[in-house]
Amino acid sequence: MKKFVVLFFVLMGLLISPHLATNASAEVNNEIVNVKLQNYLGNKSSISVEVNGKYIVDSDRRTISGSGYTIKIESGMLNLYKGTTFIKSYGSTFSVHPVKYGTDHFITIQGMKYTGVFTFVVESGKYVRPINSLLIEDYVKGVTPKEMHGTWNVNTLKAGTLAARTYAMRHAGKTMVDTQANQVYGGYTWYDNSNRAVNETTGEVLKFGSKYAETLYYSSNGGMMLSNTNTYGTPLYAYFTKKQDPYDIQSGKNTNWSYNIKKQQISMIGRDLAKPELWWNSVSEADAAFIKNLKSTLIGTQIASNSDIKIINVTGINFKTTFTAEELLTGYVDIEYYRKKTDTNQFIKDSSGKLQKHTLRYEDRSNDIRSLVGSYTMKSPYVKSVTADAEKFTVSGGGFGHGIGMSQWGAYVMGNQGISYQEILSYYYPNTSIVKESYNYTPIKMNGVTASIASPQAANTAVTLTANAVGGYDKLYRFYVQEGTEWKLLQDYSTKSTYTWIPKAGGNYKFSVHVKDKYSAKDYDAYSALSYSILSNVDMKSVTSDKPSPQLAGTPIKVSANADGGKEKLYKFNLLKDGVWTVAQEYSPLNTFNWTPSVSGDYKFSVHVKDAGSSKSYDDYGTLDYKISAKAAQTVVMQSISTDKVSPQLANTLINISANATGGATKLYKFNIYDGKTWKVSQDYSTKNAHAWKPTSAGTYKVSVHVKDQSSSKSYDSYKAFDYKITASTSGQFGTPITIDSFVTDKVSPQAANTSIKVTANAKGGTTKLYKFWVSKDGGAFVRMQDYTSNNTYNWKPAAAGNYKINVHVKDQTSSKSYDVYKVIDYKVTQGQVVVQSVKADIASPQRIHTAIHVTANATGGESLLYKFNVYDGKEWSVLKEYSTEKTLRWLPAKSGSYKFSVHVKDAKSSKAYDHFGVLFYNVTN
């Protein structure tokens with residue numbers, strides 16, 4: 001942060017607001033600091049990594065240890081190598097953490113040591129960028145000896161530590177960089193004195209009221225502390241003031257500096273002003289670096305952007321050398337120059353045909369002129385004097401840095417004189433106070449381990465264990481299981497708080513889940529346990545019958561299966577007769593089957609048993625052989641008739657009718673239907689005792705099933721009948737068919753895009769009607785806009801112009817169809833008119849000259865909008881930016897006055913000069 005000036009305040013002071021970056025609305029207590037490593041690393045597509053101790057990759061829990069690792073960007077992905085051996089591709093990012101946080105486990109990247117957690121990301125598509133996350137006290141241990149020196153006096157280092165810690169807390173939650181843009185961070189390069197300074201001030205920060213102070217610091221001030229207003233022109237902070245600093249003077253460091261700017265930058269002796277093309281490209285200014293920066297600043301602001309200039313003379317330089325704390329330090333540079341237009345290669349000449357000499361004064365803050373000169377040449381904005389002789393101007397000043405807040409060399413002298421760090425901070429940051437900050441760290445607490453399904457369960461059942469923990473910064477979880485007396489690691493530390501366990505055998509198990517913070521030095525911070533039982537595997541013990549074999553045909557026999565294990569057993573009975581297997585009873589919880597064999601022969605039962613949660617066809621099985629003897633045929637008797645659906649049902653519903661009869665040898669079945677007028681044979685005699693009936697019209701039906709033995713000469717041996725009702729409606733059980741009376745919109749076609757249009761369908765019939773709305777654009781596919789609901793309206797707001805079709809489907813709630821009826825209407829949507837809603841500036845009027853002001857126009861309508869920016873300075877209109885898709889203009893006014901902006905907006909297809917416009921009035925002061 002020594003050379004903090006340009007980067008910090010140009011980015012945070014000028015671009016955000018004309019004030020110093022304000023603190024957050026509420027203090028953020030976050031003990032973890034995230035630091036992007038680029039200061040010592042630079043931009044590399046491949047980095048070497050050495051691991052002292054052990055680190056774990058979060059995504060796959062891989063352990064890495066030792067030297068020889070390389071992380072490379074290949075095809076936009078982060079690839080990890082060990083030596084020349086490829087390990088894995090981790091995509092655009094991956095993170096690692098130490099098995100225990102602390103100095104026993106650290107990583108060396110390109111020769112620099114770092115403790116803590118790391119995330120590696122792909123930056124700009126081609127660089128490996130490590131982000132180091134660590135506790136704030138360890139972060140400060142890496143900052144203090146880099147911003148000062150780790151062997152300095154402890155009181156000085158304590159003052160620097162508080163400044164660094166306060167800065168980190170003020171910017172908590174942001175990812176910082178390890179450069180002067182934030183604070184220089186050197187990782188695990190620690191010193192005894194600087195570590196002592198950090199340890200003895202743990203948690204101490206500097207506050208102004210209840211807010212963290214803006215603890216700016218720098219190398220030296222040349223004997224004069226500056227206020228923030230002096231350097232940046234921002235409103236004066238109560239703890240930044242202008243005053244003499246005798247301690248900085250005593251250090252003898254950067255007390256005085258000076259630099260020269262030559263008056264004559266280009267000698268014009270022997271150069272033909274009428275033919276500048278002969279020498280223009282071969283000459284350059286004497287103070288090349290400064291002049292190059294000055295040109296870049298002037299061209300496009302005070303000099304037309306289509307210009308190439310040669311500055312031949314610097315005719316004046318001056319800076320404010322006497323000032324109060326409330327004054328901005330400013331300066332100016334006067335120049336003489338020649339100009340050429342870059343777009344036409346035309347030299348600007350006078351009436352005599354010779355190059356025309358131009359004069360200009362560039363005025364700005366001293367600190368900005370310092371940036372043009374070079375911060376190592378003009379080391380601070382504090383200028384003590386400006387002198388001139390025949391050839392040059394000499395600018396003299398003191399200090400190194402922005403001069404606001406604490407001088408590091410001044411603090412060095414104070415510490416060596418025995419002055420306490422509290423007094424040092426009070427001297428450089430008056431009106432602030434030292435506060436012992438509590439980081440509000442909540443220790444990790446384990447609230448238990450839960451299972452996705454309750455114990456007990458069958459073997460091979462997937463059980464997801466979830467650890468419930470609170471507190472900490474970033475929790476890691478480790479899962480163990482106890483099998484018998486032995487503990488086994490299931491899943492090592494990772495960010496996953498769940499583990500899915502599939503037990504292979506029955507038994508009583510115990511789980512232990514350890515949880516720790518990524519930033520914990522312990523093996524674990526908390527733990528919790530859970531007991532769980534797994535049932536033994538399903539085992540078929542026997543298959544028995546209630547009557548011994550053999551038995552006569554027609555004898556009722558009860559077959560029973562006896563099995564152990566499992567949680568919820570299911571049984572399936574299969575029967576073998578004459579070499580053919582049939583399923584006698586599908587899987588069910590019933591372990592018995594009531595069998596009445598009608599045909600003699602040798603039978604074999606195979607009973608399959610499985611757990612309800614098993615994915616196998618069966619877990620175990622048992623068999624039973626059985627012999628059935630023939631007996632005299634018994635009379636055929638119809639025992640029952642049943643349907644798979646209860647009466648009543650809708651027309652066209654498929655109804656399965658089953659008949660069950662006993663007796664006889666080979667039974668034949670005949671299905672008859674009476675519709676209220678006549679009897680019809682729906683299925684003639686066959687061995688099939690089931691019939692699929694699909695009535696097509698409403699009515700009260702009578703169903704009669706006849707049964708006879710194949711050898712019987714009767715029309716039937718036995719029968720049973722039942723009544724069945726079929727409803728008349730095709731769209732509702734008791735309603736009339738659905739029809740659509742009307743399908744309308746509340747606004748006639750056409751309408752402009754983004755207009756709210758209410759679409760209404762009016763239907764009748766059915767019982768409970770459901771509506772679904774679809775829209776198609778320009779002949780494209782229909783897109784569902786509102787699924788079936790009882791709401792017969794849809795509020796449609798088309799976003800783009802086009803020819804639309806709006807479709808409504810209507811069906812009864814009881815209908816099995818995708819829709820019962822539908823209707824379509826055509827609708828045209830036009831593009832809305834272009835309207836400029838507002839023209840605004842990002843900072844309020846008035847502002848000073850040379851202040852960057854962003855003017856933004858907001859317009860609606862059209863398809864592809866173009867914006868043109870015009871400004872009136874009180875005398876004439878000028879075009880600042882021709883039509884483009886950019887709706888924001890960056891304006892840098894070069895002179896004071898009252899301005900009027902007119903922003904023209906038009907659709908790209910419009911033939912008009914503009915479709916609409918908006919205005920903005922703005923005042924600029926000196």
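- In this structure, Thr739 OG1 and Lys823 NZ are separated by 9.0 Å, a value rounded to the nearest 0.5 Å.
- Closest approach of Ala454 to Lys567, counting heavy atoms only: O-NZ, 4.4 Å.
- Applying the side-chain hydrogen bond (donor to acceptor under 3.5 Å, both in side chains) rule to pairs touching residues 609-623 yields Ser614-Asp619, sequence neighbours excluded.
- Looking at Ser455, its side chain does come within 3.5 Å of a backbone N or O of Ser533 through a donor-acceptor pair.
- Heavy atoms of other residues, nucleotides or ligands lying less than 6.0 angstrom from OH of Tyr587 number more than 12.
- Formation of a donor-acceptor pair under 3.5 Å by the Glu483 side chain with backbone atoms of Gly507 is not found in this model.
- Ring planes of Phe511 and Tyr509: parallel class, angle under 30° (limits at 30 and 60°).
- Listed here is the closest heavy atom pair of Gln813 and Leu770: CA-CD1, 3.9 Å.
- For Lys627, the salt bridge (charged side-chain N to carboxylate O under 4.0 Å, His left out) partners at least two apart in sequence or on another chain are Asp602.
- In this view, Asp723 and Lys702 satisfy the salt bridge (charged side-chain N to carboxylate O under 4.0 Å, His left out) rule, not counting sequence neighbours.
- Lys758 NZ: 12 or fewer foreign heavy atoms inside a 6.0 Å radius.
- With sequence neighbours excluded, the residues forming a side-chain contact (heavy atoms from CB on, under 4.5 Å) with Asn591 are Tyr571, listed by chain and number.
- Once rounded to the nearest 0.5 Å, the distance linking CZ of Phe743 with CD1 of Ile740 reads 7.5 Å.
- Checking Thr500 against Thr464 by side-chain atom types alone, a donor-acceptor pair falls below 3.5 Å.
- Of the N and O atoms on the side chains of Thr495 and Asp58, not one donor lies less than 3.5 Å from an acceptor on the other residue.
- Under the 6.0 Å cut-off for aromatic ring centres, His514 and Tyr480 qualify, their centroids lying closer than that.
- A donor-acceptor pair under 3.5 Å links the side-chain atoms of Lys747 to the main chain of Ser756, judged by distance alone.
- Of all non-hydrogen atoms in Ile534 and Ala505, the two that sit nearest each other are CG2-O, 3.4 Å.
- Side-chain atoms of Asn792 come within 3.5 Å of backbone N or O of Ala761 as a donor-acceptor pair.
- With hydrogens and angles ignored, the 3.5 Å screen pairs no side-chain donor or acceptor of Asn574 with any backbone N or O of Val583.
- Taken from CD1 in Ile557 to OG in Ser545, the straight-line distance is 7.0 Å, to the nearest 0.5 Å.
- Exactly one residue among Phe782, Trp796, Phe773 makes a ring-ring contact (aromatic ring centres under 6.0 Å, His included) with Tyr804. That residue is Trp796.
- Shown here is Tyr719, whose OH atom has no more than 12 heavy atoms of other residues, nucleotides or ligands within 6.0 Å.
- Of the possible polar contacts, none joining the Lys777 side chain to the Lys805 backbone as a donor-acceptor pair under 3.5 Å is found.
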Worksheet item: Given Asp60 and Arg62, is the salt bridge (charged side-chain N to carboxylate O under 4.0 Å, His left out) satisfied, shown in steps?
Response: CA-CA 5 Å; Asp60 59 9; Arg62 181 190 308 276; 3.4 Å; yes
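- Annotation: cation-pi geometry satisfied between Lys811 and Tyr788 (NZ/CZ under 6.0 angstrom from ring centroid, within 45° of ring axis).
- Under the 6.0 Å cut-off for aromatic ring centres, Tyr603 and Trp595 qualify, their centroids lying closer than that.
- With a 6.0 Å cutoff to the six-membered ring centre and a 45° limit on the axis angle, Lys708 counts as a cation-pi contact of Tyr685.
- When the salt bridge (charged side-chain N to carboxylate O under 4.0 Å, His left out) test is applied to Arg61, no partner is found at least two apart in sequence or on another chain.
- Residues Phe671 and Trp693 keep their aromatic ring centres 6.0 Å or farther apart.
- The side-chain heavy atoms of Lys510 and Leu530, taken from C-beta on, include no pair separated by under 4.5 Å.
- Checked against salt bridge (charged side-chain N to carboxylate O under 4.0 Å, His left out), Asp539 has the following partners two or more places apart in sequence or in another chain: Lys541.
- By the 6.0 Å and 45° rule, Lys604 does not stack over the aromatic ring of Tyr626.
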